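Scroll down for the structure; my scribbles are underneath it.
As a basis for the values below, the full set of heavy atoms in this structure was taken, side chains included, without hydrogen atoms, waters or symmetry mates. Quick caveat, the model's predicted, so the values are computed rather than measured.
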Amino acid sequence: MLRPLDAADAASLARNADDREIWLNLRDRFPHPYTLSDAESYIAAVAGRARQTSFGIVLDGEAAGTVSLMPGSDVERLNAEIGYWIGRKFWGRGVVTDVVRAATSYAFETLGMRRVFAVPFARNPASARVLEKAGYVREGYMRRSAIKDGELLDQVLFAAYDDRWP
């Protein structure tokens with residue numbers, strides 16, 4: 001289900017990513033509209049990293065989404081932020097919970113992280129449920145901490161810890 005993406009995945013990645021509803025719940029660096037060129041650039045960029053920290057979610061023979069770990073630096077070098085998305089036609093299948101569990105285990109076991117965290121928008125309860133079902137703990141509520149599409153938003157801080165991970 002999780003693997004590095006390659007050039008053959010670009011078309012299905014672009015098709016699944018080009019959705020305003022997905023974009024509304026992600027950081028601004030995620031383009032909208034999402035084009036084939038965006039998919040090709042993303043695949044090339046993550047393939048060039050020294051450490052593998054981004055994976056494609058492959059379902060029904062297509063690149064349905066991605067999950068990425070963004071390791072911290074300096075005093076936060078043992079932390080990583082996790083980000084994920086999946087195409088609309090795959091919503092509600094419970095796949096992302098398994099994806100978050102697998103990526104978090106990878107962060108602890110392979111990357112040597114001690115804490116993995118996520119900050120979904122408070123208006124996205126589905127993402128919060130994914131994190132809770134995956135074993136993350138709600139650490140806090142970050143009021144007025146983000147702006148997306150011109151709207152000031154709250155975020156919820158969730159984390160998982162290597163010493164309490166299943």
Side-chain angles (χ1 to χ4, degrees), residues 1-6 9 12-13 16-17 19 21-30 34 39 42-43 45-60 62-142 145-146 148 153-166:
M1 173 183 341
L2 292 181
R3 65 167 171 77
L5 295 173
D6 60 39
D9 296 312
S12 60
L13 185 68
N16 284 303
D19 184 325
E21 289 299 310
I22 291 170
W23 174 79
L24 282 171
N25 286 305
L26 298 176
R27 295 186 180 271
D28 284 344
R29 67 177 168 249
F30 190 91
Y34 198 103
Y42 172 77
I43 291 167
V46 299
R49 292 181 183 158
R51 292 192 299 177
Q52 185 67 46
T53 57
S54 295
F55 301 92
I57 303 168
V58 180
L59 298 169
D60 302 335
E62 62 182 291
T66 64
V67 60
S68 292
L69 297 156
M70 285 83 46
S73 61
D74 201 301
V75 298
E76 295 172 338
R77 64 188 170 273
L78 298 180
N79 287 257
E81 181 176 1
I82 189 169
Y84 47 87
W85 68 271
I86 194 164
R88 183 188 301 256
K89 73 181 187 179
F90 302 100
W91 290 1
R93 291 171 49 174
V95 171
V96 180
T97 299
D98 292 337
V99 164
V100 168
R101 283 183 186 131
T104 303
S105 292
Y106 176 83
F108 294 146
E109 296 164 11
T110 304
L111 300 178
M113 296 294 135
R114 299 294 176 243
R115 179 175 175 275
V116 179
F117 69 95
V119 286
F121 299 134
R123 69 175 184 198
N124 186 357
S127 192
R129 280 193 307 277
V130 161
L131 292 162
E132 289 168 341
K133 288 183 346 187
Y136 280 61
V137 175
R138 181 178 162 162
E139 287 188 333
Y141 194 85
M142 300 161 52
S145 59
K148 181 68 181 189
L153 300 172
D154 299 343
Q155 293 175 286
V156 185
L157 175 61
F158 287 90
Y161 321 100
D162 69 324
D163 63 345
R164 296 187 199 167
W165 190 246

Nearest atoms (heavy-atom pairs only) where [X] meets [Y]:
{"X": "Val119", "Y": "Met142", "value": "CG1-SD, 3.8 Å"}
{"X": "Ala63", "Y": "Leu5", "value": "CB-CD2, 4.0 Å"}
{"X": "Leu59", "Y": "Ala64", "value": "CD1-CB, 4.0 Å"}
{"X": "Tyr136", "Y": "Ala160", "value": "CD2-N, 3.6 Å"}
{"X": "Ala134", "Y": "Val100", "value": "CB-CG1, 3.7 Å"}
{"X": "Asn16", "Y": "Asp19", "value": "O-CB, 4.3 Å"}

Look only at the side chain of [X] and the backbone of [Y], and say whether a donor-acceptor pair between them is shorter than 3.5 Å.
{"X": "Tyr141", "Y": "Ala122", "result": "no"}
{"X": "Asn25", "Y": "Phe121", "result": "no"}
{"X": "Asp98", "Y": "Val95", "result": "no"}

With a cut-off of 3.5 Å and sequence neighbours excluded, list every side-chain donor-acceptor pair involving residues 67-75.
from	atom 1	to	atom 2	distance (Å)
Ser68	OG	Tyr42	OH	3.4
Ser68	OG	Ser54	OG	2.7

- Query: For Arg88, does the CZ atom sit with more than 12 other heavy atoms under 6.0 Å from it, leaving out its own atoms?
  - Reply: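 Yes, because the 6.0 Å sphere around CZ of Arg88 holds more than 12 heavy atoms from other groups.
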
[atom1]/[X] to [atom2]/[Y] distance, rounded to the nearest 0.5 angstrom?
{"X": "Asn124", "Y": "Gln155", "atom1": "CG", "atom2": "CD", "result": "11.0 Å"}
{"X": "Leu111", "Y": "Thr104", "atom1": "CG", "atom2": "OG1", "result": "11.0 Å"}
{"X": "Phe117", "Y": "Glu76", "atom1": "CZ", "atom2": "CD", "result": "7.0 Å"}
{"X": "Met113", "Y": "Ser105", "atom1": "CE", "atom2": "OG", "result": "14.0 Å"}

Heavy-atom distance under 4.5 Å between the side chains of [X] and [Y], does that happen here?
{"X": "Val99", "Y": "Phe55", "value": "no"}
{"X": "Asp9", "Y": "Arg3", "value": "yes"}
{"X": "Leu2", "Y": "Val58", "value": "no"}

- Message: Under the ring pair (Phe, Tyr, Trp, His ring centres under 6.0 Å) definition, can you give me all pairs with a residue in residues 75-96, not counting sequence neighbours?
- Response: Phe30-Trp85

- Query: If you look only at pairs with a residue in residues 155-166, which of them pass as a salt bridge (charged side-chain N to carboxylate O under 4.0 Å, His left out), with sequence neighbours excluded?
  - Reply: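 Of all non-adjacent pairs touching residues 155-166, those that pass salt bridge (charged side-chain N to carboxylate O under 4.0 Å, His left out) are Arg114-Asp162.
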
- Message: Listing request: all salt bridge (charged side-chain N to carboxylate O under 4.0 Å, His left out) pairs with a residue in residues 133-142, at least two apart in sequence or in separate chains.
- Response: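 Qualifying pairs, neighbours excluded: Arg115-Glu139.
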
- With sequence neighbours left out, write down each residue that passes salt bridge (Lys or Arg N to Asp or Glu O under 4.0 Å) with Glu62, or none if nothing qualifies. Arg15, Lys89

- Item | Any residue meeting salt bridge (Lys or Arg N to Asp or Glu O under 4.0 Å) with Asp28, in chain and number order, not counting sequence neighbours |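 Result, salt bridge (Lys or Arg N to Asp or Glu O under 4.0 Å) vs Asp28: Lys148.
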
- Task: Could you give me the CA-CA distance, side-chain angles and deciding distance for Asn79 and Val116, then say whether side-chain contact (heavy atoms from CB on, under 4.5 Å) is met?
- Result: CA-CA 6 Å; Asn79 287 257; Val116 179; over 6 Å; no

